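Following: one structure in structure tokens, then a few remarks.
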Amino acid sequence: MWVYIEKISEYVEKEVTIKGWLYNIRSAGKLMFPILRDGTGMIQGVVSKKDVTEKVWESFGKLTQESSVIVTGKVSKHPKKENVYELQISDMEIVSISEPYPITPKEHGIDFLADKRHLWIRSPRQAAILRVRNEIIQSIREYMYNNGFILFDTPIFTPNACEGTSTLFSTDYFDLGKAYLSQSGQLYAESGAMALGKVYTLGPTFRAENSMTRRHITEFWMMEPEMAYFDLDDDMNMIEDFLEYVVQRVIKNKRAELEILERDVTKLEKVKKPFPRITYNEAVEILRQKDVPLIKKTANGEEQIRPFPWGEDFGAPHEEAIVENYDKPVMVHRWPAHAKAFYMKRDPENPDIALGVDVLAPEGFGEIIGGSQREDNLDYLLERIKEHELPESEFQWYLDLRRYGSVPHSGFGLGIERLVSWICNLEHIREAIPYARRPNRIRP
Ligand code: 4AD
Ligand code: MG
């Protein structure tokens, strides 16, 4: 019977067939120890010369790394290790002998691996990350479904910007001029919230940002809920409930993968609500106390500005310093309005402040979520659109949401690859998605 390695524990002392690839093989006299993978896991096989035909024994001798094989044998428990199984091999059929495989168990440079991404994803570490990513997305969908959110798929071709005009990818769109690849589905999700109450969109988003950091890609997946009648506090309540659910479910269901990744799961176990909430002003106070300067690029290098000036956005060193004293995600709310997007509602108590929230992941993983209460007043929103020099005509449909039964509403955007990076403890975001797109990489 054909079974997958992830289910092998259900077949102890039974004969099974595994269809997969040879990861590695070691021989010792009249024994050979192939390690097989089938996409769901790995298992060590034992081939004993006396137990197989001459033909099978010789076939094993011919196998190269990544040759595809169909192997039959009896499942046994590892004599010493808990939850480890072996396959006492009785038969094997070669499907295809692999040419010399470029990725060997030795260390390779990162550019080499990125060039070979189509093969690199077969390695145990990359496959584990992609399985965790799948679990994360499944958990998100389940949370949203169980909490009454309607999936509202938003378009990728759009006629206008959502998150500032400097990071738009454009393409020709028949006789209608330019189309832009969506930076965020939010504006459309807002229309969905007015129609359906609570919605979310989950799909690829695009930013033409020429930044080569460990946290930026040009094509990333974002999950964006939008809720009618939610204010900023309701938004933050949902964020912590949602994040706790996703993180706790992933560490429960993906222990083995997180172990392959050497993830310290005890750190993730602490991700339970309530999360700390601090204002932007309090965050700036922390930076000043820790003497973290703002670093400005100048013509002749860098300039350090102390104390950290009010009104500036945070970079990686600031985010790290802010979360250092916490072991949970930190919600930084109430931002300088001029630093944030046009759609954010102003704080009724202070027009210089926008009712936005950024969620900073612990352990220095930086911003994983950006959200806000939205401006629901037609006149104020028109003013913002003018201030940001956005084309008013393209926003008429969006302004209609304020003309016809406007209500307070809020939402946020979660970067899937940022969340994967944090949960998997990745040095670099390029490992968090099957094919990372960066300013200098579009292949393979
Ligand atoms: O903070 P951002 O720009 O917010 C929005 O796009 C809002 N419209 C969301 C909303 O309220 N519906 O982006 C949201 C998140 C960030 O916190 C980050 O996790 C991720 O998207 N993100 C990126 N991830 C990878 N590479 C990039 N270049 C990213 N830019 C943003
Ligand atoms: Mg942001």
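Counting starts at 1 for both ligands and their atoms, in listed order. Note: hydrogens, waters and symmetry copies are ignored here, and every other heavy atom, side chains too, is used. Just so you know, these numbers come straight off a predicted model, no measurement behind them.
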Please test K345 against D376 for salt bridge (charged side-chain N to carboxylate O under 4.0 Å, His left out), starting from the C-alpha separation and ending with a verdict. CA-CA 7 Å; K345 189 177 175 64; D376 49 358; 3.0 Å; yes
If the contact criterion is a heavy-atom separation under 4.0 Å, does [X] count as touching ligand 1?
X    : result
R374 : yes
E226 : no
E417 : no

If you have a sec, work out which protein heavy atom is nearest [atom] and how many Å separate them, to one decimal?
atom                    : value
atom 14 (C) of ligand 1 : M222 SD, 3.4 Å
atom 15 (C) of ligand 1 : G413 O, 3.6 Å
atom 19 (O) of ligand 1 : I368 O, 2.8 Å
atom 12 (N) of ligand 1 : E224 OE2, 2.7 Å
atom 18 (C) of ligand 1 : R418 NH1, 3.5 Å
atom 5 (C) of ligand 1  : E163 OE2, 3.4 Å

Which bit of [X] gets closer than 4.0 Å to ligand 1, counting heavy atoms only: side chain, backbone, both or neither?
X    : answer
I369 : backbone
W221 : neither
I217 : both

Look at atom 3 (O) of ligand 1 and find which of R207, Q183, E367, Q373 reaches it with the closest heavy atom. R207
To atom 21 (O) of ligand 1, the nearest of F220, Y200, F206 on a heavy-atom basis is F220
Can you tell me if E367 has an N, O or S atom under 2.8 Å away from the Mg ion (ligand 2)? yes
For [X], counting its heavy atoms only, list the atoms of ligand 1 lying under 4.0 Å from any of them.
X    : answer
S184 : 6 (O), 8 (N)
E209 : 28 (N)
Y343 : 7 (C), 8 (N)
G370 : 1 (O), 9 (C), 10 (C), 11 (O), 17 (O)
R215 : 25 (C), 26 (N)

Is [Y] paired with [X] through a side-chain N to carboxylate O contact shorter than 4.0 Å?
X    : Y    : answer
K267 : D327 : no
R263 : E257 : no
E312 : K296 : yes
R441 : D115 : yes

Would a distance-only check, ignoring hydrogens and angles, find a side-chain to backbone donor-acceptor pair under 3.5 Å from R437 to I442? yes
Over 12 foreign heavy atoms within 6.0 Å of OH, Y145: no
Separation between CZ (R334) and CG (L355), nearest 0.5 Å, reads 5.5 Å
From Y200 OH over to I150 CD1, what is the distance, rounded to the nearest 0.5 angstrom? 9.5 Å
Are a donor atom and an acceptor atom from the side chains of N281 and T279 found within less than 3.5 Å of each other? no
So that I know where these two stand, are F308 and F314 an aromatic pair - ring centroids less than 6.0 Å apart? yes
Taking the six-membered ring for Trp, is the centroid-to-centroid distance between F395 and F342 below 6.0 Å? yes
